[in-house]
Visitor: 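Have a look at this one before I ask anything.
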Protein chains: 2
Amino acid sequence: MNATIKDVAREAKVSIATVSRVLNNSAVVTDETKQRVLDAIKKTGYKPNALARSLKIQKTHTIGLIVPDISSPFYPEVVRGIEDIASMYSYNIFLCNTDQKEDKEMNYIEILSEKQVDGIIYMGDIIRDSVKQQLHDVGIPIVLAGTEDAEFEFPNVNIDNKKASYDAVKYLISLGHKKIGMISGPSDDPIGGVQRTSGYKEALSEAKIRFKSSLVVEGNFKARQAYLAMLKLLENNVDAVFAASDEMAAAAINAIFDSGFSVPEDIHVIGFDNTYLSYMFRPTITTIQRPAYDIGAVSMRLMTKLLAKEPIDDMHVVLPHQLIVRESTGYGEEKK
Amino acid sequence: MNATIKDVAREAKVSIATVSRVLNNSAVVTDETKQRVLDAIKKTGYKPNALARSLKIQKTHTIGLIVPDISSPFYPEVVRGIEDIASMYSYNIFLCNTDQKEDKEMNYIEILSEKQVDGIIYMGDIIRDSVKQQLHDVGIPIVLAGTEDAEFEFPNVNIDNKKASYDAVKYLISLGHKKIGMISGPSDDPIGGVQRTSGYKEALSEAKIRFKSSLVVEGNFKARQAYLAMLKLLENNVDAVFAASDEMAAAAINAIFDSGFSVPEDIHVIGFDNTYLSYMFRPTITTIQRPAYDIGAVSMRLMTKLLAKEPIDDMHVVLPHQLIVRESTGYGEEKK
DNA sequence: CCACCTCAAGTTATCGTTTTCTCATACCTT
DNA sequence: AAGGTATGAGAAAACGATAACTTGAGGTGG
């Protein structure tokens, strides 16, 4: 069907080696032969077969992306950042949605490995030991985008989650709040759980506010648990709440209203992630924004360096986040 | 590095052919030898090299996705739909962002072809002749997702855009409007321009409302032009407007307010696509929703059929759309 | 008892490249 | 003039699989 290097060789009356040489500029070929080959290529409409090439050179110029769900907020931007840089360095990307399920993750990593990807960029909140092990076993560069493993074994690009929640809580303190509650992520989530909670603690301690464990209730990033969590916090008369996700913040606000209080008049609320929920919800929700595109772009750039075996200054890049102030902390009456 | 079929063969003391046979169940192998091979595979940690396999069998089980921008609304859902079905049929997908630029599209199609993808799913509002030609030339199955070419040369999955805008305008008519303006897509866009305009005309003519060309202003799906377009329409005293995109609808609403009128009190507005803008904006915008996930899923299913050379009942699938009624046409005070 | 068939398993060509050798020619050098 | 060294280009061996052919041992029938 498609012309192969052989056809070109025959057409140009040279050996396939010579064709390969002009294709890759891998050795000197006289201008005259080169021209003959070029003509033959044009005439035959020859397109090199990347499969054969990759098989031989043991590089596919392809990298795999493990994503929880491309259709959920945050990830499309990250992926776009990745792909932009990838294309800049002529890499292609395999997109794999896993819903953060262990079996899907394991399965995709295996497939990517069989397809000989040059590297894998992993995204997801929690990175299980089994997955970690398998990522190691593949024996190719791995970059974690927008996440990190507990031991920092893998290169990664992320924001400083502790600092981010520190900033959020500090802002609440700056507004004069003393009884600040938190609806955290699961305690077994090293980032959304542990880190964000520790940022909360730090902000308190810096402001010499005593930490009370009754003011931190564990959530799972989802609405239902957060609603109940907020009810508990209300019993403790909090005057502000920091939730580790926008969805939980929204649920908390609902709980507050349902209990007869109001946001931002009685209680201030801050969420996390700047999802559309945070500006769609009324009142709009003050939140922390992660630089999604940049996380992707920087991750991929890091990957290219790893692939080129370039020296790397920092295997763990921390990108700046941003506090976006909205109605839920009393700012910005959205005007019609 | 990685064990190859040879290593397995040596370990199991059989020929590589036998290993291949148990791998693919392509011929009978005695249980005893089979077991030996299986053991050897486990022992060596052998993973078949998909590249080598693909080179030989001339199939990669990979398909390419041409997308304008994965980080813009609509596409993430479509892609998720595609990937779900792809993974169900054990296909992997290459994601390519083109920003709908001709050179990027051409370039990606070439690369995908070199990487020997089994098929390409194309997304994008406009499909240029050059691109069309190149898609043909690759000689593999092509499916257009959420779009279509003028001549219906390629299999595709889409909604009925004419019907969709017909429905939108008909709804406006049902609300008692007579002077209905339209901010269309570019006239060289066969779908967002031509089709949606023709649906508008049809709804009018069905209601015996005379079409006036002054009531249709061409936009480019973006805010700026739409804002100006709306100002023009206001000069013509329209009492309702149908815009071919949510962004244009939002801009139109801004123009209306800035001119001292109000939505929905004075003028009703309908957008297109049900992007987050349509529910984030105040007033929330009545709009047409395209079933993004389904468009993706059905496109990929169609692709699998094409690849399997199954008989296909319909090369051109039309999926149902939906009118989502919100504040901009006077319905649904969003309650706190 | 031998020709023939069956069936498991081995040999080998092939997919389309890259790359290492080789080799022939031409050009220096002394 | 003889020997050494560039230099351009061909031959052939990979890369790691699949699959078409062989092979050879054992079973069957006339």
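Everything numeric in this text was worked out from a predicted model, so none of it was measured. Heavy-atom basis, side chains included; hydrogens, waters and symmetry copies ignored. The chains referred to below are lettered A, B, ... by the order of the sequence lines, with proteins before strands, and numbering in each begins at 1.
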Visitor: Taking any heavy-atom pair under 4.0 Å as a contact, classify B:K34: base, sugar-phosphate, or nothing.
Guide: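 Nothing: the residue B:K34, judged by heavy atoms under 4.0 Å, touches no strand.
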Visitor: What integer distance in Å separates B:Y46:OH from D:dA17:C1'?
Guide: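 These atoms are roughly 7 Å apart.
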Visitor: In whole angstrom, give the distance that lies between atom CG of B:N2 and atom P of D:dC15.
Guide: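 One finds 14 Å between P of D:dC15 and CG of B:N2, rounded.
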Visitor: Can you name the salt bridge (charged side-chain N to carboxylate O under 4.0 Å, His left out) partners of B:D149, sequence neighbours left out?
Guide: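 Only B:K132 meet the salt bridge (charged side-chain N to carboxylate O under 4.0 Å, His left out) criterion with B:D149.
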Visitor: Verify whether one side chain among B:Q35 and B:D39 offers a donor that lies under 3.5 Å from an acceptor in the other.
Guide: yes
Visitor: Whole Å only: how far is the CG atom of A:N49 from the C1' atom of D:dC15?
Guide: 13 Å
Visitor: Whether B:T18 contacts C:dA9 is assessed here as follows: a side-chain N or O lying under 4.0 Å from the phosphate OP1 or OP2. Is that the case?
Guide: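 No, B:T18 has no side-chain N/O under 4.0 Å of OP1/OP2 on C:dA9.
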Visitor: Send over the distance from B:R21 CZ to D:dA20 P, rounded to a whole Å.
Guide: 11 Å
Visitor: Whole angstroms only, please: what is the NZ-P distance between A:K59 and C:dG16?
Guide: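 Between P of C:dG16 and NZ of A:K59: 23 Å.
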Visitor: With a 4.0 Å cutoff (strictly under), does any side-chain N or O of A:T4 reach OP1 or OP2 of C:dG16?
Guide: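 It does not, given that no N or O in the side chain of A:T4 lies less than 4.0 Å from OP1 or OP2 of C:dG16.
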Visitor: Could you check how far NZ of A:K56 sits from P of D:dA17, rounded to whole Å?
Guide: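 Interatomic distance, NZ of A:K56 to P of D:dA17: 15 Å.
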Visitor: Go through D:dG10, C:dA9, C:dT18 for me and flag the one nearest to the B:V29 side chain.
Guide: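 That would be C:dA9.
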Visitor: Taking NZ, NE, NH1 and NH2 as the nitrogens, is one of them in A:R80 or A:D84 under 4.0 Å from a carboxylate oxygen of the other?
Guide: yes
Visitor: Indicate, with a heavy-atom threshold strictly under 4.0 Å, whether A:I16 touches base, sugar-phosphate, or nothing.
Guide: base
Visitor: Hey, is the side chain of B:Q116 poking within less than 4.0 Å of OP1 or OP2 on C:dG16, counting only N and O atoms?
Guide: no
Visitor: Would you mind classifying the nucleic acid contact of B:I57 as base, sugar-phosphate or nothing, using non-hydrogen atoms under 4.0 angstrom?
Guide: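 Since only primed, P, OP1 and OP2 atoms lie under 4.0 Å of B:I57, the category is sugar-phosphate.
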Visitor: At 4.0 Å (heavy atoms only), tell me whether A:T33 reaches a base, stays on the sugar-phosphate, or touches nothing.
Guide: sugar-phosphate
Visitor: Would you kindly give the CD-to-P distance between B:E32 and C:dA9, to the nearest whole Å?
Guide: 8 Å
Visitor: Using the six-membered ring wherever Trp is involved, compare the ring planes of A:F152 and A:H316 and label them parallel, tilted or perpendicular (cut-offs 30° and 60°).
Guide: perpendicular
Visitor: Output yes when at least one side-chain N/O atom of B:T30 is less than 4.0 Å from OP1 or OP2 of C:dA9, else no.
Guide: yes
Visitor: Across the strands shown, which category fits A:S54 at heavy-atom distances under 4.0 angstrom: base, sugar-phosphate, nothing?
Guide: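 Nothing: the residue A:S54, judged by heavy atoms under 4.0 Å, touches no strand.
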Visitor: Answer yes or no: is there an ion pair linking B:R10 with B:D7, defined by an N-O contact shorter than 4.0 Å?
Guide: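 Salt bridge present between B:R10 and B:D7.
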Visitor: Between C:dT18, C:dT17, D:dA11, which nucleotide gets closest to the side-chain atoms of A:S20?
Guide: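 For A:S20, the side-chain atoms sit closest to C:dT18.
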Visitor: How many Å lie between CG on B:L51 and C1' on D:dT18, as a whole number?
Guide: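 Rounding to the nearest Å, CG of B:L51 and C1' of D:dT18 are 15 Å apart.
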Visitor: Go nucleotide by nucleotide along DNA chain D from the 5' end; which of B:K6 and A:A17 gets its closest nucleotide reached first?
Guide: A:A17
